[in-house]
Amino acid sequence: MISDIQVKDGWIIIYGSNGNEIKRMSDTRREIAGFTSDFFVIISEGWIITYDENCNEIKRINANNREVKSVSGNTFTVKYENWLITLDKNGNELSRR
């Protein structure tokens, strides 16, 4: 379970509920868009990528004309053109408005 994510000395570090480091990954060409207790979202080289707490890639979505607006619960929301699209961590579209 993810409790915090920090960027430090070239690393993205994932911390668990006990405050201990779970995993780390290089922050090269990666930007954290947000996280929940179950997954986190990274923007990297034209992709929106979801990862689990062990830094395993879950889903990769083309970021062209898409902006991550929020990450909450089991979902994240992206703005695409005039739409706000809610997706689950697996990239499945749940709603569009």
Side-chain angles (χ1 to χ4, degrees):
M1 181 178 281
I2 300 169
S3 66
D4 191 21
I5 296 181
Q6 296 179 4
V7 179
K8 190 186 302 183
D9 299 327
W11 295 99
I12 296 170
I13 306 170
I14 292 60
Y15 293 93
S17 57
N18 60 4
N20 292 332
E21 180 180 321
I22 298 173
K23 199 75 170 179
R24 64 174 58 203
M25 65 192 306
S26 167
D27 74 350
T28 303
R29 296 183 301 274
R30 293 185 174 111
E31 176 187 342
I32 299 169
F35 70 94
T36 72
S37 61
D38 295 324
F39 73 104
F40 61 100
V41 180
I42 297 282
I43 309 297
S44 179
E45 299 183 318
W47 295 99
I48 298 168
I49 311 168
T50 58
Y51 290 91
D52 68 14
E53 65 184 7
N54 292 306
C55 298
N56 296 314
E57 185 176 314
I58 299 170
K59 184 66 177 181
R60 180 178 293 247
I61 301 164
N62 187 319
N64 190 31
N65 295 321
R66 291 173 176 86
E67 175 187 358
V68 176
K69 299 301 278 182
S70 68
V71 181
S72 179
N74 292 316
T75 65
F76 65 104
T77 302
V78 297
K79 182 174 184 182
Y80 177 65
E81 296 175 347
N82 291 323
W83 295 97
L84 284 176
I85 304 169
T86 301
L87 303 120
D88 67 13
K89 66 183 178 183
N90 298 307
N92 299 314
E93 186 174 320
L94 302 175
S95 69
R96 178 182 293 238
R97 59 181 192 273

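- Atom OG1 of residue Thr36 and atom CE of residue Met1 lie 9.0 Å apart, to the nearest 0.5 angstrom.
- Partner of Val78 under the side-chain contact (heavy atoms from CB on, under 4.5 Å) criterion, out of Leu84, Thr86, Val68, Ile61: Val68 alone.
- Nearest heavy atom pair, residue Lys79 against residue Glu81, reads CE-O, 3.5 Å.
- Of the inter-residue distances, the one linking Leu87 atom CG with Ser95 atom OG reads 8.5 Å to the nearest 0.5 angstrom.
- Distance alone, capped at 3.5 Å, is enough to place a donor-acceptor pair between the Ser44 side chain and the Arg29 backbone.
- The nearest pair of heavy atoms linking Asn64 to Tyr80 is O-CE1, 3.9 Å.
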Test side chain to side chain contact (heavy atoms under 4.5 Å, CB included) applied to Asn90 and Ile58, step by step
CA-CA 6 Å; Asn90 298 307; Ile58 299 170; 3.2 Å; yes

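- Closest approach of Gly16 and Ser3 over heavy atoms only: O-OG, 2.6 Å.
- Clustering ILVMFWY residues whenever any of their side-chain heavy atoms sit less than 4.5 angstrom apart, transitively, puts Trp11 in a cluster other than the one holding Ile14.
- No more than 12 heavy atoms of other residues, nucleotides or ligands lie within 6.0 Å of CG in Asn74, so this atom counts as exposed by the packing criterion.
- Around the CE atom of Met25, the shell of radius 6.0 Å holds more than 12 heavy atoms that belong to other residues, nucleotides or ligands.
- Every pair passing ring-ring contact (aromatic ring centres under 6.0 Å, His included) that includes a residue from residues 26-70 is listed here, sequence neighbours excluded: Phe40-Tyr51.
- Residue Asn56 qualifies as enclosed at atom CG: its count of foreign heavy atoms under 6.0 Å is above 12.
- Between the side chains of Thr28 and Ser26, at least one donor N or O lies within less than 3.5 Å of an accepting N or O.
- Across all non-hydrogen atoms, the minimal contact from Arg96 to Trp83 is CG-CE3, 2.9 Å.
- Between the side chain of Thr75 and the backbone N or O of Asp88, no donor-acceptor pair lies under 3.5 Å.
- Val71 and Leu94 end up in different hydrophobic clusters when Ile, Leu, Val, Met, Phe, Trp and Tyr side chains are linked at under 4.5 Å.
- Counting all heavy atoms, side chain and backbone alike, Lys23 lies closest to Glu53 at CB-O, 3.8 Å.
- At least one side-chain heavy atom of Asn54 sits under 4.5 Å from a side-chain heavy atom of Ile22.
- Looking only at distances, a side-chain donor or acceptor of Thr50 sits under 3.5 Å from a matching main-chain atom of Lys59.
- Both Ile5 and Ile49 are assigned to one and the same hydrophobic cluster, defined by single-linkage of ILVMFWY side chains at heavy-atom distances under 4.5 Å.
- Within the 4.5 Å cutoff, side-chain heavy atoms of Ile32 are placed close to those of Ile42.
- Atoms CZ and CD1, on Arg30 and Ile12 in that order, are 6.0 Å from each other to the nearest 0.5 Å.
- Counting only heavy atoms from C-beta outward, the side chains of Ile43 and Ile48 approach each other to under 4.5 Å.
- Atom CD1 of Ile13 is separated from atom NZ of Lys8 by 5.0 Å, given to the nearest 0.5 angstrom.
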